[in-house]
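Inspection log for the structure reproduced underneath, given as structure tokens.
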Number of protein chains: 2
Amino acid sequence: MSRPTKHAPERGDARNRLLEAARDIVRKQGFAATTVDDLCKAAGVTKGAFFHHFKSKDALGVAAANFWTDTTGAFFEGAPYHAPSDPFDRVLAYIAFRRAMITNDIPEFTCLVGTLVQEVHATAPEIRDAAGVSIFGHAETLEADIAAAIEVRGISPDGWTPQSLSRHFQTVIQGGFILAKAGNDPELARDALDHLDRYVRCLFGVHAVAYSGDPR
Amino acid sequence: MSRPTKHAPERGDARNRLLEAARDIVRKQGFAATTVDDLCKAAGVTKGAFFHHFKSKDALGVAAANFWTDTTGAFFEGAPYHAPSDPFDRVLAYIAFRRAMITNDIPEFTCLVGTLVQEVHATAPEIRDAAGVSIFGHAETLEADIAAAIEVRGISPDGWTPQSLSRHFQTVIQGGFILAKAGNDPELARDALDHLDRYVRCLFGVHAVAYSGDPR
DNA sequence: CATAATACCAACTGGTTGGTATGTATATTC
DNA sequence: GAATATACATACCAACCAGTTGGTATTATG
């Protein structure tokens, strides 16, 4: 009878429920504008539970960033863009996958750690660093495919490396989120990825084709 | 004897001093984390002055975004990247200029409205829209040069337009700021612009050359 | 089964926050 | 030069905020 369900808070659940609440609310409102009470209310727990699991609001911020790293890490690891046998196709499939992830609800597809770091980069180094690990760690997962694509396609990168390109992917993704927010239009985030797709094809000397929008 | 100096507050100065304080403090701390008292203290005025000029903190946010639009608009209009006679060179000069603006102090070169919109996009539509006007309005100033460069270079854009490319410039710039913050390293913002430079040369069929880093 | 640790909850607190009420010196208008 | 409007300053407030205190129910341990 101890089946953990999503909407019936159960003993031992509070920490995770708080982290999920942080993930959802911080993306909507930002970190500073989100109160501890907001999080407790959304998680269905009291402040006692909050400060039992996190020694401060900032500590929750660090934990939320790490939670993001873990959950998105597992999500991308299991994602279908790894399937193509050609490494360059995997790189393109990553971009298509990121594009397909963009829904109509902005807080739903935007990045928690990008939002976090924008706010706290100068005031909460521990949160900033946890966000950095998340972004640069995710970028790293692309490096091997990019390096393999360079080899397979027989190109000689001039002024860029697998690392710098993998980071540029994140740059374009994060920048696309900002434009989507500023224009209140998710399509702007898709446009960013279309330009990225074009850039990558260009770097690898592959002619751009009309973009289908289908990640498969 | 009524010479307005920068550090001796004078009658009639309060509004501008508050906007300058907002520009500087919000980029460091974010909007929600910046209190009205913070702004008053930095501007050397009292709360009475604040609420005389702005009916609420959110109203100051809108005014600060508009202030940013006006001041950066004038700054870019008078910037030297407009000098080259060839429009494509002007486009490259813009990128080089943006790159040269990146100093060692992150809050100094990052974008107020990018920071603002990330925080308030879903909670303060008026601030979000003012930020949108700023970003997309600035992007628009690049469209004519891009369009002229297309003509002069005789290329046929496939799947992109002067508007979408000018917006992608802002995407890369904003994304570069986020990575710079996450890595606590301004160089990451420069790397973003190097990739953008490479992309633009590729779109126009111009071979990339070793990047000098000098905007002239 | 006793002890102890864990996982919470309800009520409280002291400092902070955005905003207000009221007063006053200066500039503008008639 | 009287009246009015502008541009502030001072003092204050109710709501809110992160964090604490002191407790209880459950689980783990020996």
Side-chain angles (χ1 to χ4, degrees), chain A residues 1-22 25-26 28-65 67 116 119-120 123-124 126-127, chain B residues 1-22 25-26 28-65 67 116 119-120 123-124 126-127:
Chain A
M1 276 9 117
S2 61
R3 296 186 181 258
T5 56
K6 214 172 187 181
H7 291 291
E10 228 167 287
R11 193 181 167 79
D13 238 21
R15 188 187 145 92
N16 252 279
R17 293 177 60 83
L18 282 165
L19 291 171
E20 284 165 9
I25 303 183
V26 170
K28 263 182 217 141
Q29 313 186 344
F31 182 70
T34 300
T35 68
V36 172
D37 281 324
D38 286 344
L39 297 170
C40 292
K41 195 181 165 188
V45 302
T46 61
K47 266 202 178 135
F50 184 98
F51 286 101
H52 172 71
H53 289 290
F54 310 104
K55 78 168 206 287
S56 66
K57 190 191 172 188
D58 270 23
L60 174 273
V62 173
F67 178 71
L116 269 176
E119 274 190 78
V120 305
T123 51
E126 289 173 5
I127 301 177
Chain B
M1 275 344 154
S2 61
R3 291 181 185 264
T5 55
K6 213 171 188 182
H7 292 292
E10 228 166 287
R11 194 183 167 78
D13 240 21
R15 188 187 144 92
N16 252 280
R17 293 177 59 81
L18 282 165
L19 291 171
E20 285 166 7
I25 303 183
V26 170
K28 264 181 216 144
Q29 312 186 345
F31 182 69
T34 300
T35 68
V36 173
D37 281 325
D38 285 344
L39 297 169
C40 292
K41 194 180 165 188
V45 302
T46 62
K47 265 199 178 140
F50 185 99
F51 286 101
H52 172 69
H53 289 288
F54 309 103
K55 78 167 206 288
S56 67
K57 190 191 171 187
D58 269 24
L60 169 120
V62 174
F67 178 72
L116 270 176
E119 274 190 78
V120 305
T123 52
E126 290 173 6
I127 301 179

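Since the model is a prediction, treat every value here as computed from it, not as a measurement. Reminder, nothing fancy here: chain letters follow the sequence lines and each chain counts from 1.
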Atom CG of B:Asp13 and atom P of D:dC8: how far apart are they, to the nearest Å?
8 Å
Can you check the B:Phe51 CZ to C:dT22 C1' distance for me, whole Å?
16 Å
Rounded to whole Å, the CG-C1' distance (A:Leu18 to C:dA7) equals 12 Å
CG of A:Asp37 versus C1' of C:dT13: gap in Å, rounded?
14 Å
Toward the 5' end of DNA chain C, by each residue's nearest nucleotide, B:Ser56 or A:Gly48:
A:Gly48
Counting side-chain heavy atoms from C-beta on, which of D:dA9, C:dG18, D:dG19 comes nearest to B:Ala49?
D:dA9
Check: A:Glu126 and A:Asp58 side chains under 4.5 Å, non-hydrogen atoms:
no
Atom-to-atom span, NZ of A:Lys57 to P of D:dC17 - whole angstrom
9 Å
Nearest whole Å is fine: how far is D:dT6 P from B:Arg15 CZ?
14 Å
Less than 4.5 Å apart, side chain to side chain, heavy atoms only: is that true for B:Phe67 and B:Leu18?
no
Atom CG of A:Asn16 to atom P of C:dA7: distance rounded to whole Å?
12 Å
Whole Å only: how far is the NZ atom of A:Lys47 from the P atom of C:dC9?
14 Å
Which is true for B:Thr46 with a 4.0 Å heavy-atom rule: it touches a base, it touches only sugar-phosphate, or it touches nothing?
base
